[in-house]
Protein chains: 2
Amino acid sequence: MNNTPVTLKFLAEKLKMSVSTVSKALNNYPTINEYTKKRVQEMARDLHFTPNKSAINLKERKSRIIGIILPNLLDHFFTRSIYGVEQFAMEHGYNVIIGQSHDDLEKEIQLANMLLKSRVDGLIVAISKHTQDFSHFDQFEQIGLPVVYYTRNPSFNLNCHKVLGNTFRGCYQATKFLIDRGHKKIAYLGGPKMINFTHDRFNGYINALKDNQVSFDASLVAYTDFDKENTIAAIQNLFANQENTPTALVAFKEPILFDAVKYLRGINHPKFDEFECVGFGNNSFISYLDSPPIASIEENPESVGENAINLLLKLINREIEMENYQKVMVDCKLVIHDLT
Amino acid sequence: MNNTPVTLKFLAEKLKMSVSTVSKALNNYPTINEYTKKRVQEMARDLHFTPNKSAINLKERKSRIIGIILPNLLDHFFTRSIYGVEQFAMEHGYNVIIGQSHDDLEKEIQLANMLLKSRVDGLIVAISKHTQDFSHFDQFEQIGLPVVYYTRNPSFNLNCHKVLGNTFRGCYQATKFLIDRGHKKIAYLGGPKMINFTHDRFNGYINALKDNQVSFDASLVAYTDFDKENTIAAIQNLFANQENTPTALVAFKEPILFDAVKYLRGINHPKFDEFECVGFGNNSFISYLDSPPIASIEENPESVGENAINLLLKLINREIEMENYQKVMVDCKLVIHDLT
DNA sequence: TTGTACGCGTTATCAG
DNA sequence: CTGATAACGCGTACAA
């Protein structure tokens, strides 16, 4: 229980000089004698001096805490993105508070207010799928606290900072990949229509079709809200027309892809063997599946998170003006599975 | 940019009284007049006063940060346990710093030193599989900062606080379950021998055999260090003797179970159809597998995390003496999969 | 019942 | 080049 907190005062007493000199020496003030600096810095090192964050934060009127609001930590994408955020934040002396909205708007508002009271220095948000009004986030910007929207595109919010995966290109590549493998009837299974990515990806899909002279067929497009029954209903729709069943599928997210595949196997779909599909995610579990997707669209969530916190810190430090709204796109990568 | 931080001083000026009266009123000091209290508290509420954490922390000589060191966030168990910790910590005004050791002792030591410098108020640790010396953690206790070991049992550390899953009972139940289903040749696939749970679970396994008059066969036991090749080698060992192949398996962790199942299917093992297995984890992914485990041992990681932080906060608040070493066991639950 | 004064650890300003 | 002092926001012993 040798609890001797090493403070500036403590060092000053040891060195028989004033606290302010010690402080300046440690912060390399030009007005301090080199020899004095050396003495102070050596002693500080030997005694393992570490400045007290709370004191500095108090002085600087900062909390060095940034808040994250996202729908769900059970989603691998978000968990991985958090990793990118935390890593980068920690390196820069910031801590992170995470709140899960569970895609519930009320909860999201509560969390925003809670974080505001926690005096976070900034906010990173993946909005709930119901968020159309942004006043609970705007209050941050009104008091000078930057907000970065990431992962989910707040299309109703024109003036905001965003960091998004380039999901359009990802979906384009995936569709092109399937076309190149000879598929003519490629289905698209989108996510909730409330999520903008659903449409961005659809655009990637349809542009790939067009650029490669594959005709578009509206009956090959369906949507799900991620709910299992809903997904199965969507799949049933896609395969409703016996003479026009898709031979390939691009899915908004791997879990719904898995649901789809499971369903098709369950009903012993006749052309299941030739069926090929691709989804967003690149889940590590794929190697254990018996009917795995032929490729995955890796969204690089860590990179998305890192870009988000990087931008946020620049806004906090006024390296970028708050009103100079930024849009950062993070590339996806098509990963072809080697299933030997 | 209406940036007016509401402080005690600000309230005091508004109310034309002293800062200390405001402070006392908000903290419900008995010496303050009821009417004054009401006035102050109303004003504080209306102006959304929130006490500045940094100031309080500075005063109380606390950081309100607790550190967590664990092997890996990609492991679902740890991710879920973190959730339990963060939730509870946040409710009690604490923040959390997470560090991943990647089961590397050097990295673990670095993280410990980093967290010490960060002035955390306490530590929650899942040790790396190589940790036998605990001096990098002991330094925390020496300066009065409590350390709670969780998830992984530090068997070489006799005097410490721990929160562990009751993995013995979990494994006992799983084995018993397989016995009740008529299996006589049940294999046990353990994890790294350096991890204590490997042996605790083995004890559960062997006790279940004994209590149910099933004879033990050493050739039905194998170990893996989680590495895929290693796991497959272990499985090959278990199935080496053609006349004595196991009909069921209890696995240390679901990922290695999946590896095992995949391998057996790959080689078209003749008796694969009757083969039944159970693993620790209860991964949500199981429903997508074609040859899923028949049951899972749910380890309730959130609860483990919550118990760890709960104990840690009690130690921090001196509700439990540091030297009064605690051991908390969290029950597992056998989940039988309904695979319709 | 309320107010004054001080300290927590740090940095900035200004005086020496 | 160095030191004294004030301030950040809060809590509390002590004085009034």
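Every chain is numbered from 1, with letters handed out A, B, ... down the list of sequences. This structure is a prediction, so every number in the text was calculated from the model and none was measured.
Within the 4.0 angstrom heavy-atom criterion, only backbone atoms of the sugar-phosphate kind lie near A/I56; the bases stay farther away. Among the atoms of the strands shown, base atoms are found under 4.0 Å from some heavy atom of A/L8. No engagement by B/S54 is indicated, since no non-hydrogen atom pair under 4.0 Å with the nucleic acid exists. Note on A/F49: only backbone sugar-phosphate atoms sit closer than 4.0 angstrom, heavy atoms only; bases stay farther off. Among the atoms of the strands shown, only primed sugar atoms or phosphate atoms (P, OP1, OP2) are found under 4.0 Å from some heavy atom of B/T7. Residue B/Y35 is out of contact with every strand shown, counting any heavy-atom pair closer than 4.0 Å.
Distance OH (A/Y29) to P (D/dG3): 15 Å, rounded to an integer number of Å. Summarising the geometry, the separation between CG on B/L26 and P on D/dT12 is reported as 13 Å, rounded to the nearest angstrom. Distance, B/E60 CD to D/dT12 C1': 12 Å, rounded to whole Å. One atom, CG of A/N57, and another, C1' of D/dC10, lie 15 Å apart when rounded to the nearest Å. Note: NZ (A/K62) to C1' (D/dG9) measures 18 Å, nearest angstrom. As a whole-Å value, the separation of B/L11 CG from D/dG11 C1' is 15 Å.
OP1 or OP2 of D/dG3 has at least one side-chain nitrogen or oxygen of A/T21 nearer than 4.0 Å.
The six-membered or imidazole ring of A/Y83 lies away from that of A/F78, with a centre-to-centre distance of 6.0 Å or more. Remark: aromatic rings of A/F49 and A/F10 are distant, center separation not under 6.0 Å.
Partner of A/P51 under the side chain to side chain contact (heavy atoms under 4.5 Å, CB included) criterion, out of A/I56, A/L8, A/L26: A/I56 alone. Partner A/I66 forms a side chain to side chain contact (heavy atoms under 4.5 Å, CB included) with one of A/V120, A/L123, A/L312, A/I97 and no other, that one being A/L312.
Between A/K62 and B/S54, the closest heavy-atom pair is O-OG, 3.8 Å.
Side-chain atoms of A/K24 lie closest to D/dG3 of the nucleotides D/dT2, D/dG3, D/dC8. With D/dC14, D/dC8, D/dG3 as the candidates, the nucleotide lying closest to the side chain of B/K9 is D/dC8. When each of D/dG11, D/dG9, D/dT2 is scored by its nearest atom to the side-chain atoms of B/N27, the top-ranked nucleotide is D/dG11.
The base of D/dA4 is not paired with the side chain of A/S18 by any donor and acceptor separated by under 3.5 Å.
A residue-by-residue look at A/K59 and B/S23 shows that A/K59 has its nearest nucleotide of DNA chain D further toward the 5' end. Residues B/A55 and B/M17 both approach DNA chain C. Their nearest nucleotides, taken by heavy-atom distance, put B/M17 toward the 5′ side.
Using modelled atom types, no side-chain atom of B/N157 and backbone atom of B/C160 make a donor-acceptor pair closer than 3.5 Å.
When DNA chain C is scanned 5' to 3' for any atom under 4.0 Å from a heavy atom of chain A, the first and last hits are C/dC8 to C/dC14.
In summary, the side chains of B/S135 and B/D133 do present a donor paired with an acceptor at a separation below 3.5 Å, with no hydrogens or angles considered. Under the 3.5 Å distance criterion, with hydrogens and angles disregarded, a donor-acceptor pair is assigned to the side chains of A/T131 and A/E108.
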